[in-house]
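These notes are about the structure you will find just below.
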Protein chains: 2
Amino acid sequence: MNINTESIRALLMKHNIKPSYPRIRIMEYLLAKRNHPTVEKIYGELVKEIPTLSKTTVYNTLNLFINANITRVVTIEDNETRYDADITNHGHFKCETCGMVYDFSISSDDIETKGLEKFEVHEKNVYYKGICPKCLNNKTNIEEVKNEKFKRY
Amino acid sequence: MNINTESIRALLMKHNIKPSYPRIRIMEYLLAKRNHPTVEKIYGELVKEIPTLSKTTVYNTLNLFINANITRVVTIEDNETRYDADITNHGHFKCETCGMVYDFSISSDDIETKGLEKFEVHEKNVYYKGICPKCLNNKTNIEEVKNEKFKRY
DNA sequence: AATATAATTATAACGAGTACAAAAATATAA
DNA sequence: TTATATTTTTGTACTCGTTATAATTATATT
């Protein structure tokens, strides 16, 4: 799947979102980086190239995407909301050392659950925590660490 | 498993936590109610019986429990941190209508994952969202709704 | 009983996210 | 085009959950 401006424009229009410049750039960022960024991260990166960008716009735009179902919230830590334009079913692994969030594939239909027979399930979320291979090799990604805040560790 | 003051006192002491009155009461609340409460909820309920209780103490105590590994954080919504003294492996279902959080059993060892071979996993979290049986029958639990704040719905 | 240590409390501060209204941009109509 | 309406973006203020800090109270130690 190629990520050019035109395909993003089409994606937004398909979901009745007017493809304004900031919206295109924010979606482009999500699709290109695939880094489960926080609002802070998105804003910090994009404001370099769009100096007039405001944080409120990032919030507004992301909520627009979420309501349109073309972006999902990744809630791992209670103090940081992350966003993911990959809405296919997959799990997230957060490294406790460098803070990076990795995707992993799950067959969540296979998760055996007991006690949910009479429940109507709309959304399934799976996230793990631990240490990523990079950090296991002690090659800590300093760049990431700087952008992370940790609690209770 | 019976939940009397003595067993709670023993549990805390086993984990090098001095069994002060507020600590016992907070752990008792978690074990007895099993309702995945927020700090707000715990404080609101307990302050009725312990008028001198402060919210800071609730925060301090819960963080103490978490570090001692006798309580876990339940992060479903990014705007509310919940707590659970049941540290056995299980999933959480949050009803989008009444806001109640239910437990369900999972065999998360069975979750087929791909891409985590070189990762060291410390913690596995599974949470679903949807509508609970009670709300499907339109018998909305008003009590719960009052205590919940919703976003993006 | 006097002192040291730990726990609890109140207050202030912080920061993520939202509300709101003004400004800017875009679309519509004359 | 120009005028007007609508939508989008922005800046500021505000809310609220959580943490930091320091004072007070309770508990343990000598």
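Chain identifiers are assigned alphabetically (A, B, ...) following the order of the sequence lines, protein sequences preceding nucleic acid strands; residue numbering begins at 1 within each chain. A quick note: this is a predicted structure, and the numbers were derived from the prediction, not measured.
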Grab the [atom1]-[atom2] distance between [X] and [N] for me, whole Å please.
X       : N      : atom1 : atom2 : value
A:Leu12 : D:dT8  : CG    : P     : 12 Å
A:Asp78 : C:dC14 : CG    : C1'   : 15 Å
A:Asn79 : C:dG17 : CG    : P     : 9 Å
B:Glu80 : C:dA16 : CD    : P     : 19 Å
A:Glu40 : C:dG17 : CD    : C1'   : 11 Å
A:Tyr43 : C:dG17 : OH    : P     : 15 Å
B:Lys55 : D:dT18 : NZ    : P     : 10 Å
A:Glu77 : D:dT19 : CD    : P     : 12 Å

Check: Parallel under 30°, tilted from 30 to 60°, perpendicular over 60°: which one fits the rings of B:Tyr128 and B:Phe104?
Finding: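 Geometry flag for B:Phe104 against B:Tyr128: tilted rings.
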
Check: Can you find a heavy atom in the side chain of B:Val126 that is under 4.5 Å from one in the side chain of B:Asn89?
Finding: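 No - every pair of side-chain heavy atoms lies 4.5 Å or more apart.
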
Go through [options] for me and flag the one nearest to the [X] side chain.
X       : options                : result
B:Ser54 : C:dA10, D:dT18, D:dT9  : C:dA10
A:Thr57 : C:dG17, D:dA20, D:dT10 : D:dT10
B:Asn63 : D:dT10, D:dT8, D:dT19  : D:dT19

Next item on the list: Compare every heavy atom of A:Ile26 with every heavy atom of A:Val58, then report the nearest pair and how far apart it is.
Entry: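 Reported closest heavy-atom pair: CA-CD1, 3.9 Å.
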
Check: Just checking, is any N or O donor in the side chain of B:Asn125 or B:His92 under 3.5 Å from an acceptor N or O on the other one?
Finding: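 No, B:His92 and B:Asn125 have no side-chain donor paired with an acceptor closer than 3.5 Å.
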
Checklist line | Aromatic centroids of A:Tyr83 and A:Phe65 separated by under 6.0 Å | finding: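 Centroid distance A:Phe65-A:Tyr83: not below 6.0 Å, so no.
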
Does [N] have OP1 or OP2 under 4.0 Å away from a side-chain N or O of [X]?
X       : N      : value
A:Thr52 : D:dT10 : yes
A:Tyr59 : C:dT18 : no
A:Thr81 : C:dA16 : no

Check: Below 4.0 angstrom, N of the basic side chain to O of the carboxylate: do A:Glu123 and B:Lys94 qualify?
Finding: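 Answer for the salt bridge query: no.
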
Check: Are B:Lys129 and B:Glu77 within salt-bridge range, i.e. N to O under 4.0 Å?
Finding: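 So B:Lys129 pairs with B:Glu77 through a salt bridge.
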
Next item on the list: Counting Watson-Crick and G-U wobble pairs only, both distances under 3.5 Å, name the nucleotide matched with D:dT30, or none.
Entry: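 Across all strands, the one nucleotide that pairs with D:dT30 is C:dA1.
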
Checklist line | Counterpart base for D:dT25, defined by Watson-Crick or G-U wobble contacts under 3.5 Å | finding: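 By the stated definition (distances under 3.5 Å), C:dA6 pairs with D:dT25.
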
Note to self: Protein within reach of the bases, or only the backbone? For nucleotides 22-30 of chain D, mark each nucleotide 5' to 3' as B, S or -, using heavy atoms under 4.0 Å.
What the structure shows: ---------

